[in-house]
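Before any comments, here is the structure.
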Amino acid sequence: MTTKRSPWQRTHTCGELDLAHKDQEVVLNGWIENHRHHGQLVFLDLRDRYGVTQIVVDSEANGMVAGTFETVRRLGAEDVVSVRGKVRPRDADKVNKNRSTGAIELLALQVIVLSEADTPPFEVHDKAEANEELRMQYRYLDLRRRPLQEALMKRARFVTAIRNFLQQNRFIDIETPILTKSTPEGARDYLVPSRVHPGKFFALPQSPQIFKQLCMVGGLDRYYQIARCFRDEDLRADRQPEFTQIDLEMSFVEEHDVLDVVEAMFVHGMKEGFGIDVPQPFPRFDYFEAMDKYGCDKPDLRFGMTLVDCTELAKKSDFKVFAGAVATGGIVKGICAEGAAEKFSRKGIDELTAFVTGLGAKGLAWAKVTASGLEGSIAKFYEGDKGKELVAHLGGKPGDLLLFVADQKKVVHKALGDLRLKVGGLLGLRDPKVFRGCWVLNFPMFEWNDEKGRWQFAHNPFSAPVNWDITDFSVDTDRIRSRAYDFVMNGWELGSGSIRIHRPALQAKVFEFLGISPEQQRANFGFLLDSYKFGGPPHGGIALGVDRIVTLALGREGIRDVIAFPKTAAAFDLMAEAPSYGTPEQMAELHILSTAKKPES
RNA sequence: GGGGACGUAGCUCAAUUGGUUAGAGUACCGGACUGUCGAUCCGGUGGUUGCGGGUUCGAUUCCCGUCGUCCUCGCCA
């Protein structure tokens, strides 16, 4: 084997030449991004991952290899070439300040075509627009562009920082199976038929949950994995059928141990990966506190405008809507939009009203605070001292806009919580360059499923109840809390975890309450339950969504913008055209008969 | 599974109330040009208006169905 560099191979990248390389003879490799012909003088922009360098091809240049100029005349966009040339400083008035290499240009001595390109289906340079369908179909072309390259490079830096941090904090990177067992609760599984076991299927993991807990039983103490997870559910801008989590688990810990280490890890990753300083510490909210103040379990802390309970004041008023809601067991809450009075016309408020009624509220009560009192739909019910009391209760001042919803608590929180976000957005309070994290703890353990007519896990079946000694889950079920926590930033749920149950009797009791028979427990989780019989340590952990974190940090629209090869909303890979039909031979070997009608081909 | 938006030249878009030969920019091809950097100038190629059906004298336009993309509700323990 030769170790010698071939003559066409690059000595530098397209992003690194500057005045320090003056007069050097170098070789660059890259794609033709643009070409500008001036008769006997041609400019080429040569692009690689590192940047763009201007190549000058002068038909009268000394020392240029014969035929080079004719070669260059035939070049087109996206052709791959090797250019040997001499680095030449540009005149001061010809410097391109938009490029790192803008102070120089490369005077070509020889150009070799390494690969010819057809006219691409869309223009590859950054300024050209192309619809997302086409960009996904020709993803390798979109990958040549800066936005995706930047996202992938920063994503890699972030993940590397996370790995380094966890390695230094005694976590072990452990791989868990991709071919595993289907679980009955939770999201729909992707199934993989077994050839060797007729009629049986593996499932792709929705997360490594059970395996990471088994790592704790296995005495590994601290586990982590940058883990691919699979869920066969309908997609959104922030969901893909396969996605990546920073998954970790720790033994002999309580909530604060997990939260502290994850918070430090996250802050480190944001700094190293994206250069973003995230202020610490992150507030830690009890679930009900978050619901009361923000109307949701993933508060956006970039601005205030918290929900204020006005139920007591509402009782005193003659406003039938308020009184009526209270009389039927409902509540009244309001938000105070600082300085927003003049920013919302009557029409603007009508739009807000339509917004909340679309969320189930019956209407929107409002008032503008003036120097003399209140103006607006509820003003006549809150004249004089009553009005002053209301304004003071909400912390309002002249120029503020007060917005109220009266209804059952659930409706109020949904409507007013979402309204808070909408108004905050309209007032420019949700700056994408500001990052405010928080924790929400002690989620309800169960939630009622109307459709199935039974209780189900609100978080996951392994989350411990706050009270270890609980014996009967059927008493005050809706008030039982679990030691589950969410990691939230700017209104996005970025991570979720819990302290787990590690005692088999308690785990069995939880399953029993949810109507999962001992036989089902054995069939689905037997190996986990068995493991606890041999000494399961107290443990807990969390999983953070890498795709969402990167999307948020870079201010992108959706997670497809930070994934190299994403799928469509219908979970289809437009480039690979996956999934595809199995051949009859494959199907037979896998003991599979499809009931789907295959379109005539 | 439900709702909504979109689908016209390789790409990004336009096309009056349903009316003449479906246009523009860009890309591409050809020509001119030795200092451009989103080069410029001149000329040219390029269309199953996603697909199928219907209404109509006439459909890019209206209706139905279907396919695809995106958003959203359900769903995502």
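First the proteins, then the strands, lettered A, B, ... as listed; each starts at 1. What you see below is based on every heavy atom in this structure, not just the backbone, and it leaves out hydrogens, waters and symmetry mates. Please read all numbers here as calculations on a predicted model, not as lab measurements.
When both distances must be under 3.5 Å, the Watson-Crick or G-U wobble mate of B:A22 does not exist. Shown here, B:C37 forms no base pair; nothing in the strands shown gives a Watson-Crick or G-U wobble contact with both key distances under 3.5 Å. Using Watson-Crick or G-U wobble geometry with both donor-acceptor distances under 3.5 Å, B:A77 finds no partner in any strand shown. Summarising the base pairing, B:C28 is matched to B:G44 through a Watson-Crick or G-U wobble pair whose two defining distances lie under 3.5 Å. Pair assignment for B:C70 gives B:G4, based on Watson-Crick or G-U wobble hydrogen-bonding distances that are each under 3.5 Å. The partner of B:A14 is absent, by the rule that a Watson-Crick or G-U pair needs both atom distances under 3.5 Å. Partner assigned to B:A9 is none, using Watson-Crick or G-U wobble distances below 3.5 angstrom. Look at B:C62: its Watson-Crick or wobble partner, with both distances under 3.5 angstrom, is B:G54.
Backbone-only engagement by A:L134 is indicated by non-hydrogen atom pairs under 4.0 Å involving sugar-phosphate atoms exclusively. Backbone-only contact: A:E129 has heavy atoms under 4.0 Å from sugar-phosphate atoms and none from a base.
Donor-acceptor pairing under 3.5 Å is recorded for the side chains of A:Y532 and A:Q213. For the residue pair A:Q54 / A:R36, a side-chain donor-acceptor distance below 3.5 Å is found, with atom types taken as modelled. Remark: the A:S182 side chain and the A:D189 side chain contain an N/O donor-acceptor pair separated by less than 3.5 Å.
Comparing B:G35, B:U26, B:C37 against the side chain of A:R99 picks out B:C37 as the nearest. Residue A:K127 places its side chain closer to B:G38 than to any other of B:C70, B:A77, B:G38. Closest to the side chain of A:E447, out of B:G1, B:A77, B:C73, is B:A77. Checking B:U34, B:A77, B:C28 against every side-chain atom of A:S207, the shortest atom distance belongs to B:A77. Considering only the side chain of A:F457, B:A77 comes nearest among B:G10, B:G35, B:A77. The side chain of A:Q209 lies closest to B:A77, out of B:G10, B:C75, B:A77. When distances run from any side-chain atom of A:A570 to the nucleotides B:U69, B:G35, B:A27, the shortest one goes to B:U69.
Separating the CG atom of A:D126 from the P atom of B:C11 is a distance of 20 Å, rounded to the nearest angstrom.
With centroids closer than 5.5 Å and planes inclined by less than 30 degrees as the test, A:F43 and the base of B:U36 pass as a stacked pair.
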What protein N or O atoms touch nucleotides 29-32 of chain B N or O atoms at under 3.5 angstrom, if any, and at what distances?
none

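Screening residues 502-524 of chain A for salt bridge (Lys or Arg N to Asp or Glu O under 4.0 Å) gives A:R522-A:D530 as the qualifying pairs, with residues at least two apart or on separate chains.
Between the side chain of A:R36 and the base of B:G38, no donor-acceptor pair under 3.5 Å is found.
Between A:F457 and A:F462, a ring centre-to-centre spacing not shorter than 6.0 Å is recorded.
Between A:R420 and A:L416, the closest side-chain pair of non-hydrogen atoms is not below 4.5 Å.
Taking the side-chain hydrogen bond (donor to acceptor under 3.5 Å, both in side chains) definition, one finds that A:S474 meets it with A:D472, sequence neighbours left out.
Between B:C70 and A:R239, no contact under 4.0 Å exists linking OP1 or OP2 to a side-chain N or O.
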